[in-house]
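Values below: all heavy atoms of this structure, side chains included; hydrogens, waters and symmetry mates excluded.
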Amino acid sequence: ELSEAELKIFNANLLRRQNGEPVAYILREKEFWSLSLEVIESTLIPRPDTELLVETTLDLLPECSQSLLDLGTGTGAIALALANERPEWTLLATDKNTEAVALAENNRRRYQLDNVMVLESDWFAAVGSGPFHAIVSNPPYINRADKHLSEGDVRFEPKSALVADEEGLSDLSHITSGAWPRLLSGGWLLLEHGYQQGAEVRALLVAQGYIDVETRIDLAGQPRITLGKKPSE
């Protein structure tokens, strides 16, 4: 039997869920790549779709020492998953949101992943010149006019982590150009994007000079990430 205190908590949480609030925000936990991560309302909830970004990065890069940058890290999900799989890699995880930086650092300490450094930075502003073997990001990419912003769990998530100007492409474009001088020759840029943006993101990478550009499909059969390589000098 539940105590009075437990019943009070249960009923309060049930009411929040009945109002549509995501379970991850109610429980303050979400699993990603077999890591249980703390989640707060000021960060995006990690999704299984994004695990394709982790899987592809692990496939592309050797297991030996590599330097990676994760832009807009939120909970730290991508960087921590990569760091947990590849202890020899070093990762810099950035976010412009002060609360997200503190959260990602808490999640990092939870798993004692000393090969990750979390830094407050508006995209590349505080990153320096690198260089990096790979840059990965799940940036805001939803068009402000998208009807899905008023549906389901997305209603409760911070719009700053979801919405971008230029019909959802502004941050993707900024990262594509900003990554170029910070990548080593032969280094990779990997970007998550919306299911309708594959062709546009490929065009951004090709225009910047990336080669071996391709879009990969997630488990739901949707175009989910696009990658490209900086040519070797």
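No side-chain heavy atom of Ile40 sits less than 4.5 Å from a side-chain heavy atom of Tyr25. Contact annotation: the side chain of Arg17 approaches that of Ile26 to within less than 4.5 Å [non-hydrogen atoms, C-beta and beyond]. Taking the side chain as every heavy atom from C-beta outward, Pro48 and Leu219 never approach each other to under 4.5 Å. At least one side-chain heavy atom of Val39 sits under 4.5 Å from a side-chain heavy atom of Pro46. Ile225 places none of its side-chain heavy atoms less than 4.5 Å from the side chain of Thr215. No side-chain heavy atom of Trp123 sits less than 4.5 Å from a side-chain heavy atom of Lys96. At a threshold of 4.5 Å between non-hydrogen side-chain atoms, the residues Leu191 and Ile175 count as touching.
Here the shortest heavy-atom pairing between Gly74 and Ala104 reads O-CB, 3.6 Å. The two residues Asn138 and Thr50 come nearest to each other via the heavy atoms ND2-OG1, 3.5 Å.
For the atom pair CG (Asp59) and CD (Glu55), the distance works out to 6.0 Å, reported to the nearest 0.5 Å. Distance check, rounded to the nearest 0.5 Å: OG of Ser137 to CG of Leu189 gives 8.5 Å. Note that SG of Cys64 is 8.5 Å distant from CD of Glu88, once rounded to the nearest 0.5 Å. Rounding to the nearest 0.5 angstrom, the gap separating the CG atom in Asn11 from the CD atom in Glu6 is 12.0 Å. The distance from the CG atom of Leu204 to the OG atom of Ser177 is 9.0 Å, given to the nearest 0.5 Å. Atom OG1 of Thr176 and atom CD1 of Ile135 lie 10.0 Å apart (nearest 0.5 Å).
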Assess whether side chain to side chain contact (heavy atoms under 4.5 Å, CB included) is satisfied between Thr57 and Leu82, documenting all intermediate values.
-> CA-CA 8 Å; Thr57 304; Leu82 291 170; 3.9 Å; yes
Should Leu69 and Phe124 be marked as a side chain to side chain contact (heavy atoms under 4.5 Å, CB included) after you check the CA-CA gap, both sets of side-chain angles, and the distance that decides it?
-> CA-CA 10 Å; Leu69 171 63; Phe124 298 100; 4.0 Å; yes
Go through the steps to decide whether Arg110 and Glu29 satisfy the test salt bridge (charged side-chain N to carboxylate O under 4.0 Å, His left out), and finish with yes or no.
-> CA-CA 13 Å; Arg110 183 178 190 174; Glu29 291 281 331; 3.3 Å; yes
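Between the side chain of Asn107 and the backbone N or O of Gly76, no donor-acceptor pair lies under 3.5 Å. Side-chain N or O atoms of His133 include none that pairs as donor or acceptor with a backbone N or O of Gln66 at under 3.5 Å. Under the 3.5 Å distance criterion, the side-chain polar atoms of Asp95 are matched with a main-chain donor or acceptor of Asn97. In this structure a side-chain-to-backbone donor-acceptor pair under 3.5 Å is missing from Asp122 to Ala125. Put simply, the side chain of Lys230 gets close to the backbone of Leu183: a donor and an acceptor are under 3.5 Å apart. A distance-only check finds no donor-acceptor pair linking the side chain of Thr73 to the backbone of Ala93 [under 3.5 Å]. The closest donor-acceptor contact from the side chain of Asn115 to the backbone of Trp89 lies under 3.5 Å. Side chain of Asn84 to main chain of Leu80: no donor-acceptor pair is present (N/O by atom type, distance under 3.5 Å, no hydrogens or angles). Under a 3.5 Å cut-off, the side chain of Asp171 and the backbone N or O of Pro139 do not form any donor-acceptor pair. In this structure a side-chain-to-backbone donor-acceptor pair under 3.5 Å is missing from Asp218 to Arg224.
Among Ile45, Thr75, Thr43, the single residue meeting the side-chain contact (heavy atoms from CB on, under 4.5 Å) criterion with Leu37 is Thr75. Residue Thr226 is tested with Arg202, Glu192, His193 for a side-chain hydrogen bond (donor to acceptor under 3.5 Å, both in side chains); the sole match is His193. The side-chain contact (heavy atoms from CB on, under 4.5 Å) test with Ile78 singles out one residue from Leu53, Leu71, Leu91, Leu68, and that residue is Leu53.
The cluster map of Ile, Leu, Val, Met, Phe, Trp and Tyr, joined by side-chain heavy atoms under 4.5 Å apart, puts Leu190 and Val201 in different clusters. Connection of Val136 to Leu35 is established within a shared hydrophobic cluster, with ILVMFWY side chains joined at heavy-atom distances below 4.5 Å, either directly or through further cluster members. By the criterion of side-chain heavy atoms lying less than 4.5 angstrom apart, applied directly or through intervening Ile, Leu, Val, Met, Phe, Trp or Tyr residues, Trp188 is not grouped with Val213; the two fall into different hydrophobic clusters. Hydrophobic clustering (side-chain heavy atoms under 4.5 Å, transitive across Ile, Leu, Val, Met, Phe, Trp, Tyr) groups Phe32 together with Val116. Hydrophobic clustering (ILVMFWY, side-chain heavy atoms < 4.5 Å, transitive): Ile211 and Leu184 are in distinct clusters.
Below 30°, between 30° and 60°, or above 60°: for Trp180 and Tyr210 the angle between ring planes is above 60°, a perpendicular geometry.
By the neighbour-count criterion of 12 heavy atoms within 6.0 Å, atom CD of Glu63 is sparsely surrounded, having that number or fewer from other residues, nucleotides or ligands. In this structure, Gln18 places its CD atom where more than 12 heavy-atom neighbours from other residues, nucleotides or ligands lie under 6.0 Å away.
The ring pair (Phe, Tyr, Trp, His ring centres under 6.0 Å) search around Phe132 returns none, not counting sequence neighbours. Looking at residues two or more places apart in sequence or on another chain, you find a side chain to side chain donor-acceptor pair (under 3.5 Å) between Glu85 and Trp33. For the side chain to side chain donor-acceptor pair (under 3.5 Å) test, residues two or more places apart in sequence or in another chain that qualify with Glu105 are Arg108, Arg109.
At a cut-off of 3.5 Å, with distance as the only test, a side-chain donor of Thr98 or Glu120 sits close to an acceptor on the other residue.
A salt bridge links Arg216 to Glu214: at least one charged side-chain nitrogen sits closer than 4.0 Å to a carboxylate oxygen.
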